[in-house]
Structures are given as C-alpha cells and as structure tokens.
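The structure under discussion appears below in the form of structure tokens.
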Amino acid sequence: MKPGNFSSSLLRWHDAHGRHDLPWQSNMTAYRIWVSEIMLQQTQVATVIPYYQRFMQQFADIESLAKADIDLVLHLWTGLGYYARARNLHKAANIICHDYAGQFPETLDAVIALPGIGRSTAAAILALSDNQHHAILDGNVKRVLTRFFAIDGWPGKPEVERLLWQHAENLTPIENTAQYTQAIMDLGATVCTRTNAKCHQCPLLQHCRAYANDRVTNYPTSKPKKTIPVKKTIMLLLRNKDNQVLLQQRPPSGIWGGLWSLPEAQCDTTQKALCAWSQNELKLTINDITIAQPLRHTFSHFHLDITPVYASVINESSAIMEQADTVWYNTCKPDARGLAAPVKKLLDTHNDVMTGVIT
DNA sequence: AAGGCGGGGCA
DNA sequence: TGCCCAGCCTT
C-alpha cells in the first residue's frame, strides 16, 4: 500500500466517521491545542473534557496562564495526575510571554525547547493549529502502526521506536496534515483500540498485516513487566477546634511536587509514638487518636499503603503554624490548592464526617 | 490487579 | 543513549 493510499483512506474515513466536536476542535489556536495535548498525554478524552473546560475558562490565553498563581494551576489539575505537566505548562507560558512576546513559537525546534513538550506533542500542536507538515507518534499512532505493519517488540525500545517514527513520517501527507493528524489519532482512539478493536469499521483493514494474520490483539507488544515494591506511610489528619485540617506543601519536585499533602509521621502506629512524633516534629499536642484502615495508592513504580490517623490538636496557636508551607485547611470551604488524589479522598471523607453526611 | 500513557532527568 | 521516574483511569 502506498503512503498516499493510506492517508487518503484515512482522510475519507475521518470525514465520515471521525470526531469533530471535541472542545479543542473549535477555535484551534496553538494555545488551545497545546493545553489539550498536554492534558491528553496520560488521560483519556472523556476524563479530560471537564478539566479542559474549567482550565480554558480560567486561563483564556497564554498571558493569563503565565500570570496565574501556580497553586491555582495545580488546583485545576487536581486529580489529573503527573503534576509536572501543570508546572511545565505554567513555566512554558512564562517563557512564551518573555521570549516570544506572548506569541506561541512556530518552529518545531522552538516548540520542543519548551518544558513539557517533546517531539510528538510539538508536532501535534503545529500540525493541528497551523497545518505544518510534521509527523506525530503518540500511543494511538503507535498502536495503529504496530498493527498495520505487524511490528514486534515493545514500542518503548529505541529500535522499535525509530522504525515507528520512520513509518509515521513516511505516511504523513504534505497536504492536509492537520486533518490527517486528527484522523489517525481518532482511528486509534475509536476503532483501533487496545481491546475490542472494531476492525470491521477500519478503513485500513484490507492492508493491515496484524488483521491478515489474525494477531490484532498481539500488538503493540506489551512492556516487559516487573514486580513493584510496597511502601508504607502514616498520614495524619489533625483537626483544630474549628475542624480545620493541617496541610503541608510538598517540595517542588518529586512525587506530588508542589501539591498540598498531609503530615506523614515517621513512627509506629501506637498512640504513644504518634503523640511523641507530633510533639517533636510539629510541636503539636494531640489526643482522641483514631487509627483507620490502610488504603492503597499505586504509582507506576510502587504501591503506597497509607494508614490514616485522625486526631485532635490541643495547642493550636503554636509558632510552627506561621510557616509558609503549612496551612489549616477548611474542608467545608476548600480554597484553590493542588491536592494529591488520596489526600483529596481523605479530606472529602473527613468533610463528610464533619458535616454529618456519614458518621 | 495489571496495563497504558509522553516527556524530563540523569548516568 | 538508555534507564528510571511519575499518577491517574480503564479493563
């Protein structure tokens, strides 16, 4: 099959059956495409849509994003994960304001140089917003191509990835690059899906080698797996007399970087040890201690078993509360801060108890 | 419980 | 260049 045949089949299919009404498909500026591509990097369309709407409503243009408080940016990202994406988005908006007079750069190299944007995302932004001739290679395209060409080997392996880029560039048409880019992403998202691929709806069916060999589900070759370790931690939900909960801001990089989290006690789960730890590390005297069932939060590289500990604080007006990275958080009237998913879950539960929704 | 997802950072 | 890291959702 010639490259031109591949793309024209795909374009015809997209005209008739593609998605044309996603929020970022109207008013396709580089900024709007950029934000959508970053959100879509690890997250499916259905999940992204409400986040995207809220984000664009708050930050209608690059300048308003650049000027925003990072806490507000992270707040609007809460629950999406990979919070470095939000920090990089904010950082890049500032670079664009200062180095490019607020205009999104128009060359591939300049776009790749922005933090949080790699080769595929840069290509997608310029192809979709400006119809520039660049190939993309995201997860959807990798799936379509490994199946179409029956390419063995995990796509994360450098040699496999090189081959995929070659195919991607070879197939991307010089004209209608924007529509083609949308089309191949749509095909991967709606027809050539990871499970239950709808091959009978596929415009490439007749030339698909995986289909011909009845091996569609064997592609892409899955990543070699390894067992991940379990780490344990104790999260303290310390409430003052107004039922506010103590939060601490995490360091700017690493897990949950820049997000607000609960104090993590480095001690045993005995009443005595917990009291002593709070006294020594937080200068807070606590009582009414309740140790709850652990909950498991899983990252790509380890499980985190969190033991929630609820307690009341007696000596609230301690000097340690004046620190900038510490705050009493009102779960009934939450303010704009980024929260890690399990922390948000614990705070929501705490709020439900306080307001009598559950007991 | 396992798998998928794009890019950054460092040896 | 090759590895490790990150966090959520879907299956």
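Every chain is numbered from 1, with letters handed out A, B, ... down the list of sequences.
For Arg54(A) and Tyr51(A), the positive end sits near the middle of the six-membered ring, less than 6.0 Å away and at most 45° from its axis.
Spacing between dG7(C) and dC10(B) at atom P, rounded to whole Å, works out to 16 Å.
When side chains are defined from C-beta on, Met1(A) counts as touching Phe148(A), because their heavy atoms get closer than 4.5 Å. Put simply, the side chain of Gln249(A) reaches to within 4.5 Å of the side chain of Asp71(A), judged on heavy atoms. Considering only heavy atoms from C-beta on, Leu274(A) stays 4.5 Å or farther from Thr270(A) through its side chain.
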Enumerate the protein-to-nucleotides 8-11 of chain C contacts in which both atoms are nitrogen or oxygen and the separation is below 3.5 Å.
from: dC8(C); atom 1: OP1; to: Tyr83(A); atom 2: OH; distance (Å): 3.0
from: dC8(C); atom 1: OP1; to: Ala341(A); atom 2: N; distance (Å): 2.9
from: dC8(C); atom 1: OP2; to: His297(A); atom 2: NE2; distance (Å): 2.5
from: dC8(C); atom 1: O3'; to: Gly79(A); atom 2: O; distance (Å): 3.1

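Between the CZ atom of Phe302(A) and the C1' atom of dA2(B) there is a distance of 17 Å, given to the nearest Å. Nucleotide dC5(C) holds its C1' atom 15 Å from the CG atom of Leu304(A), rounded to whole Å. Per the geometry, CD belonging to Gln41(A) stands 13 Å off P belonging to dG7(C), to the nearest Å.
Atom-to-atom distance recorded for Arg85(A):CZ and Arg87(A):CZ is 11.5 Å, nearest 0.5 angstrom.
Proximity of Arg143(A) to the phosphate of dC5(B): a side-chain N or O atom is located under 4.0 Å from OP1 or OP2.
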Candidate pair Tyr310(A) and Asp288(A), rule side-chain hydrogen bond (donor to acceptor under 3.5 Å, both in side chains), full reasoning: CA-CA 8 Å; Tyr310(A) 298 83; Asp288(A) 288 342; over 6 Å; no

